[in-house]
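Taking it in order: structure first as structure tokens, then the write-up.
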Amino acid sequence: MSLQQEIIERLGVKPVIDVDAEIRKRVDFLKEHVKSSRTSGLLIAISGGIDSAVTAGLCKRATDELTQETGQPYMTLGVFQPYGQQEDIEHSYEVAKAFGLEHTVETNIEEAVDEIALEVEHGLKNIGKPRHLSAPGKGNVKARTRMVMQYALAFELNLLVVGTDHASEAITGFYTKWGDGAVDITPLSSLNKRQVRQLAARLGVPQSVLDKAPTAGLWEGQTDEKELGISYEDNSDYLEGKEVDPAVRERLESFYLKTEHKRSPIPGI
């Protein structure tokens, strides 16, 4: 078995999907986990990007159906988490409106992140290595701070924290360990980016979100494809078992091998 076949099998990506069937399967998956965990619903951080928009749409369907089927109130809480002033924050609100989310909250992470960064810089200075926190380092702090706030809200409201990671991110390790990768449940994990976009179109994700360049939003000017040096089209082709440029294959497989620690259980002895 080639490494490509091994990766595809491990991540569970299909070469072709039935969009309606995939939506149904993932809504049912969310419903079953809410019921089995005896929680009151789902929490989804809505960044303004396509992945969280699709996840929000699936969550809202799941909790609406649970409410209707059981007669008990289940909720989807949409959380907006800007760092200071977020230029595209209106896209997060558009997603919430498009899916009729009755429960939303905005938690600005700027003060918490800046205080953590300051304390880290004090620590570096104290061991004789003075420096400002790097942009990627501060980006990781942002992702982890967002998750701390999500879990605090989820604990108080008895909700499951829902992740937005999918196979196109898993293959490259393009998420923050113990940040956006630290969740209770991931309903998109076996889809590649192209397939996520297919679900988005069927669910009714706002056009403003469909049209924007994918970004983690961790520092100014950052985009996924620019940072990785690989397009999502090539990434999706690879995960569908298609032939891709040898340089693309090599780069994807290099990312996969280098980031294995993110997908594996914590080692112990």
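Excluded from the calculations below are hydrogen atoms, water molecules and symmetry mates; all remaining heavy atoms, backbone and side chain alike, are included.
- Taking all atoms of both residues into account, the shortest heavy-atom contact from I46 to G78 is CD1-CA, 3.9 Å.
- With hydrogens and angles disregarded, no donor-acceptor distance shorter than 3.5 Å links the side chain of T259 to the backbone of K262.
- Note that the CG atom of D180 and the CD atom of Q150 stand 9.0 Å from one another [nearest 0.5 Å].
- Every residue meeting the side chain to side chain donor-acceptor pair (under 3.5 Å) condition with E32, not counting sequence neighbours, appears here in chain and number order: K35.
- The same ILVMFWY cluster, assembled from side-chain heavy atoms under 4.5 Å apart, contains both L42 and F80.
- With salt bridges taken as basic N to acidic carboxylate O contacts below 4.0 Å, one links E240 and R194.
- A donor atom on one side chain and an acceptor atom on the other are found under 3.5 Å apart for D88 and Q86.
- T67 and Q72 form no side-chain donor-acceptor contact under 3.5 Å, judged by distance and modelled atom types alone.
- Contact of the E94 side chain with the H91 side chain is registered, since non-hydrogen atoms from C-beta on lie closer than 4.5 Å.
- The salt bridge (charged side-chain N to carboxylate O under 4.0 Å, His left out) test with D51 singles out one residue from R197, K193, K212, and that residue is K193.
- Contact annotation: the side chain of D184 never approaches that of V162 to less than 4.5 Å [non-hydrogen atoms, C-beta and beyond].
- Atoms CZ and CD, from R263 and E260 in turn, are 4.5 Å apart once rounded to the nearest 0.5 Å.
- Two residues are said to be in side-chain contact when any heavy atoms from C-beta on lie closer than 4.5 Å; V13 and Q195 meet this criterion.
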Verdict with supporting geometry, V196 and L199, side-chain contact (heavy atoms from CB on, under 4.5 Å): CA-CA 5 Å; V196 172; L199 264 66; 5.8 Å; no
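- Taking every heavy atom of both residues into account, T176 and A143 meet most closely at OG1-CB, 3.6 Å.
- Under the 4.5 Å side-chain contact rule for hydrophobic residues, I171 and Y175 do not share a cluster.
- Linking ILVMFWY residues whenever their side-chain heavy atoms come closer than 4.5 Å, directly or via other members, places L210 and I17 in the same cluster.
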Audit row: M147, V161, side-chain contact (heavy atoms from CB on, under 4.5 Å) steps and yes/no: CA-CA 9 Å; M147 197 51 65; V161 175; 3.9 Å; yes
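- A donor-acceptor contact under 3.5 angstrom links the side chains of R26 and S190, judged on distance only.
- There is no side-chain donor-acceptor pair under 3.5 Å between K138 and H132.
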Stepwise side-chain contact (heavy atoms from CB on, under 4.5 Å) test for L159 and L153: CA-CA 8 Å; L159 305 175; L153 288 164; over 6 Å; no
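- Using a 4.5 Å cut-off on side-chain heavy atoms (C-beta onward), L77 and T104 make no contact.
- Side-chain contact check for Q198 and E22: no donor-acceptor pair (N or O, by modelled atom type) lies under 3.5 Å.
- Within 6.0 Å of the CD atom in E69, the count of heavy atoms belonging to other residues, nucleotides or ligands exceeds 12.
- No single ILVMFWY cluster, assembled from side-chain heavy atoms under 4.5 Å apart, contains both Y151 and I109.
- Between D20 and D18, the closest side-chain pair of non-hydrogen atoms falls below 4.5 Å.
- A distance of 10.0 Å separates OH of Y83 from OG1 of T145, quoted to the nearest 0.5 Å.
- A distance of 9.0 Å separates NE2 in H166 from CG in L191, rounded to the nearest 0.5 Å.
- Between S92 and S47, the closest heavy-atom pair is OG-C, 3.2 Å.
- No donor-acceptor contact under 3.5 angstrom links the side chains of D245 and Y238, judged on distance only.
- The minimum heavy-atom distance linking L160 with S37 is given by the pair CD1-OG, 3.6 Å.
- Across all non-hydrogen atoms, the minimal contact from L43 to A154 is CD1-N, 4.0 Å.
- No chain of hydrophobic side-chain contacts below 4.5 Å, direct or via other Ile, Leu, Val, Met, Phe, Trp or Tyr residues, connects V79 to L30.
- D64 is linked by a salt bridge (charged side-chain N to carboxylate O under 4.0 Å, His left out) to K60, counting only residues two or more places apart in sequence or in another chain.
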D165/F174 under side-chain contact (heavy atoms from CB on, under 4.5 Å): CA gap, chis, key distance, verdict: CA-CA 9 Å; D165 293 335; F174 195 67; over 6 Å; no
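- At most 12 non-hydrogen atoms from other residues, nucleotides or ligands lie less than 6.0 angstrom from CD of E111.
- Atom CG in D237 sits 8.5 Å away from atom CG in N192 (nearest 0.5 Å).
- With no hydrogens or angles considered, no side-chain donor-acceptor pair links N158 and T39 at under 3.5 Å.
- Scanning all heavy atoms of the two residues, the minimum distance from D234 to V244 falls at O-CG1, 3.8 Å.
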Tabulate below the donor-acceptor pairs under 3.5 Å that side-chain atoms of residues 116-126 make, not counting sequence neighbours, or state none.
unit_1	atom_1	unit_2	atom_2	d
E121	OE2	L133	N	2.9
N126	ND2	H122	O	3.3

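- Note on R24 versus D28: salt bridge recorded, some NZ/NE/NH1/NH2 to OD/OE distance being below 4.0 Å.
- T186 OG1 to L188 CG: the interatomic distance, rounded to the nearest 0.5 Å, is 8.0 Å.
- Between the S236 side chain and the E233 main chain, no donor and acceptor come within less than 3.5 Å of each other.
- Taking the centre and axis of the six-membered ring of Y256, the NZ or CZ atom of R10 falls outside the cone set by 45° and 6.0 Å.
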Derivation of the side chain to side chain donor-acceptor pair (under 3.5 Å) call for T55 and T164: CA-CA 6 Å; T55 307; T164 65; 5.4 Å; no
